[in-house]
Each structure stands twice: as C-alpha cells, then as structure tokens.
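Protein chains get the first letters and strands the later ones, always in sequence-line order, with residue 1 at the start of each.
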Number of protein chains: 2
Amino acid sequence: MQSRPRIPEATVARLAVYLRVLTGLADGGRRTVSSGELASAAGVNPAGLRKDLSHLGPCGTRGVGYEVSTLRDRIAGVLGMETAHACVLVGIGNLGAALAGYGGFGSRGFEFVGLFDASPARVGQQIGGLPVRPVAELEDVVAATGATIGVIATPAEVAQPVCDRLAAAGVRSILNFAPVTLSAPAGVDVRQVDLSVELQVLAFLDKQRGAVPGVRLDALAPAGGMA
Amino acid sequence: MQSRPRIPEATVARLAVYLRVLTGLADGGRRTVSSGELASAAGVNPAGLRKDLSHLGPCGTRGVGYEVSTLRDRIAGVLGMETAHACVLVGIGNLGAALAGYGGFGSRGFEFVGLFDASPARVGQQIGGLPVRPVAELEDVVAATGATIGVIATPAEVAQPVCDRLAAAGVRSILNFAPVTLSAPAGVDVRQVDLSVELQVLAFLDKQRGAVPGVRLDALAPAGGMA
DNA sequence: CTATGTGAAGAGATTCACAGCG
DNA sequence: CGCTGTGAATCTCTTCACATAG
C-alpha cells in the first residue's frame, strides 16, 4: 500500500545496488529501463526488484518501464542521499588509508571529515586532502563537524574502546572492519564487515559443492552478453 | 559425524564468527564455555547459536557447556580450514595493497600466492613478501599454484573481464570488492562486498530511526503528481 | 538443577502468477 | 499486446519452549 511504516533491510541493501546501476545508465544517456533489464544488471530476480520498488510507491510506467533519472532520484531520496553524511575514520593502517582514499564514498554522499590514528608516525600525514589527527581529538572533531557515522579500521584490541568513544561523542552509526563483535548502547547501530568471514564462506561453499556429486544446474544468470 | 545434508549459508557465516571467538578464548586459557556466554561474545541469540552448532552433530556436554578447543577444531574442520587455500589478488591499488598486507587471512588458512596489477608502476613492488606481477601472468600462476580463490580489487570498469579470466583459468570462488555486479559461469561462486552499500544501509537506518516518533515519511509520498 | 539439543511456532524474505494500466 | 504492481504461496531463517542428558 501507500503507507511506508518501514522498508525491509534486505530491500534497502538492494536499493543501493539499483542506485549504482541507474547512475551508470543515466551517465550513459539511457532514458528508460525495464525491470527485467535492471534486475539482470543488479543480479536479482525481476519480480523481486519490482517488489523492492513498490516500497517507494508507484514509480514506473506500465508497458514501458522506469524512467532512469526519476527512479535514481527517488531511490537517492529514500536512502537519505540528498544531504551529505559526515564520517570520521579511526585507524589509519593499510585498510584505513585505503578507505580514506577511496573515491566511491564521496560520490555517494559520504564525506570523511576526520581521520584518526594512535600512532605518532601516522599523525600529520595527509590522505585524500585530510590530515591524520591524534585520537585524543576525536570527540572535539565529532562535536565540531556533527559527524553521524564512524568507521573503525583499527586493530581488534582497541576497537571496542573506540566504539565506546564514538558512541559517547554522538555518532549514531558505526561501520566496523575490526574482527571483533562490538557492543554499543541502544540507539547506536553497528554494522560489521569481516573480510575473513567472507573468504571462509566462499571456501565452505566450494568445499560443499565439490563434496556433493548430485549437482543442480539451475544456471539462470549469464544470459549472453548485454541487453 | 560426516553426515551433513546441508548447512544454511547464514549458519556458515556465523560459524566463522564463533571460530574467531573460540580461538580468542582458547588463547586465553579458557577450557569451557556455555552457549549463553559464547552467544553474547558473538552478538547472537543463545538458542540460535545452539541450533547452528546442532548442524555439526552433538558437540557439547549437557549441564556444562562446550569444550573450547574441541569445538574450535570441529568448526575449523567443517569450514575446510584444515587445508590452506591458495588465493590470487587482482588490483593492487589502495584496497588491494591493504588486503595483501592484512595478516588476518594467513592466520585463517588463506594464503595469497599471486598479486597482479595492470599498472607498470605497481608491477615489481613487494607486498607482504610477494612481488606484484603483470596481469598477463594471471593464467600461468593460477595453473601453477592451483589457486581456487580469486579476489578482485580493481576499478569497476575492468572487474568483469578479470572475473572472466579468473573463471576461465580455473578459479572456483571469487570475492569481489569492485562496485559492479559480476556474472560468472555456473560452478563459479561470486561474493560481493560493496563498502558503499554498507554505508548507505547505515545512513538509511539512522534516517529511519530519526523519523520513528511519529512515523511520518510523507515527504516521500506521491500526493498526486510526483515528477 | 544445570545447560544442551530440537521440534514447533513465528517472522521474514523470495518467487510465482496474474490483475490492471498504458 | 508489454510491463508494472501486488496478493498469495513457498521457502528459509529465527525464536521459543521443553524434553533430555549429565
């Protein structure tokens, strides 16, 4: 129906993917897409894509498809991308430096406003036009910039204290790359990205596939080239 | 026992987390844990943890709990960690270099046996004791090492061709960090890690929480003629 | 009396099939 | 006609409650 009490989290994650695909299509000058084509490019089922989009209200034209730029803007609005999000990043090791220098965030409305590291050797370096600051300044920078998102790329041992300080400083969302499960106060949302877990799932699926002789050939994806 | 019809993928991902917690407990000299304590450390529901472990067959002692080292070894075996997995990594930019230098993989049985980049400036550099090779050598190295896992950390534009080459060379599992949806032939499993998607989900949850008091998302509602 | 292991209930997400609009 | 939008069926995962073993 029209009411939107809440959008399922699984749908939100896919909306972000649709948004990426639509941005590419718009840059390529494309005017409209069908659910089938968009679903193919996003790697999902066409009916599932339409159900995802139904949470935004009617936004397609029957018999035609979706207008690329309109749908892109609608999704961007729902995901809260009309306003930029200020982020702080704690832990400027290899991964942290990679995240700080990654251009994919800025183009999607996420801007780093503070980089922090405990190592004096790192402090003072410039990454992506931003200086690395001592962690002692964390609270001040969060307060001054109003950052609402914190990214943790520290060693596992200090991730929990950093999480506590971020939460206390007023950060409401935390993305954690350290291989520990963090606990945060109510009202602070934590998302975990564990690179080793991803590899272990892959390895397991491979092992399981090799051990099962009876294979199901439900290949549906690679429908030849491009549409 | 060996009879395992099939373990749900969601369970596999959590098993990897339990394994990490158990390894930490074992290093701390701990002998046994209860499901409640282990679940708390892993950030999951105790009953869910017991159901996850039930897929491995009985491995606890009623009235006592689980023996830490035994359970750790059991999970490691199920995840296929008794044998090391050879991985190749394509795209040695900031993120690729971070992955190549990340110690968390080696300690979990994943070993990089080849690093590849298209840029002559990168080729020849040493990262984590391994030289960066030109991508032209990709097929030879996969064949020579028998690598079964490929990690893609290239720009989005070249991720699909790299995926195709990895699959053709015999790699069976691919972990993709490039912000594109890859299509791979049947028999090759692709897992996507999109850092921007993670941030966008966080931002949406925060926005949604802020709007909770009155549940008013009318700014999105198509009152009549939304354009 | 402890804490595990598990069937059953519940919630959520995916897929299907078709009604309805252009 | 084609393609969207959606109710209903299907499937999977989660949570609960309790029997069961130590």
Notebook entry, point to check: Is a donor on one side and an acceptor on the other found under 3.5 Å between the side chain of A:Gln192 and the backbone of A:Val180?
Noted result: yes

Item checked: Atom pair distance, as rounded to whole Å: CG in B:Asp52 and P in C:dT4 -> 14 Å

Check: Nearest nucleotide by nearest heavy atom, which residue falls closer to the 5' end of DNA chain C, A:Gly63 or A:Glu9?
Finding: A:Glu9

Item checked: side-chain N/O B:Arg14 vs D:dT14 OP1/OP2, d < 4.0 Å -> yes

Item checked: hbond_proxy A:Arg50 side chain to D:dT4 base (donor-acceptor, 3.5 Å cutoff) -> no

Checklist line | Whole-Å distance separating the CG atom of A:Leu56 from the C1' atom of D:dT4 | finding: 14 Å

Note to self: Need one value for B:Gly65: base, sugar-phosphate or nothing, where a base atom within 4.0 Å counts as base even if backbone is also close, heavy atoms only.
What the structure shows: sugar-phosphate

Next item on the list: Examine D:dT4: is either OP1 or OP2 under 4.0 Å from a nitrogen or oxygen in the side chain of A:Ser35? Give yes or no.
Entry: yes

Item checked: Gap between atoms CD and C1', on A:Glu67 and C:dG22 respectively (whole Å) -> 15 Å

Item checked: Spacing of A:Leu53 atom CG relative to D:dG5 atom P, expressed in whole Å -> 7 Å

Next item on the list: State, to 0.1 Å, how close B:Leu25 and B:Val33 come at their nearest heavy-atom pair, and which atoms those are.
Entry: CD1-CG1, 3.4 Å

Note to self: Counting the atoms with a prime plus P, OP1 and OP2 as sugar-phosphate, which does A:Gly48 contact under 4.0 Å by heavy atoms, base, sugar-phosphate, or nothing?
What the structure shows: base

Notebook entry, point to check: Rounded to the nearest Å, what distance is computed from the CZ atom of residue A:Arg62 to the C1' atom of nucleotide D:dT4?
Noted result: 5 Å

Next item on the list: Give the rounded distance in Å between these two atoms: NZ of A:Lys51 and P of D:dT10.
Entry: 16 Å

Notebook entry, point to check: Is the closest side-chain donor-acceptor distance between B:Ser173 and B:Arg191 under 3.5 Å?
Noted result: no

Checklist line | For A:Ser183 against A:Cys163, the heavy-atom pair lying closest together | finding: O-SG, 4.0 Å

Margin query: From CG of B:Asn45 over to P of C:dT4, roughly how many Å is that when rounded to an integer?
Written below: 13 Å

Margin query: Between A:Arg30 and A:Glu67, does any side-chain N to carboxylate O distance fall below 4.0 Å?
Written below: no

Check: Expressed in angstrom and rounded to an integer, what is the separation of B:His55 atom NE2 from C:dG5 atom C1'?
Finding: 12 Å

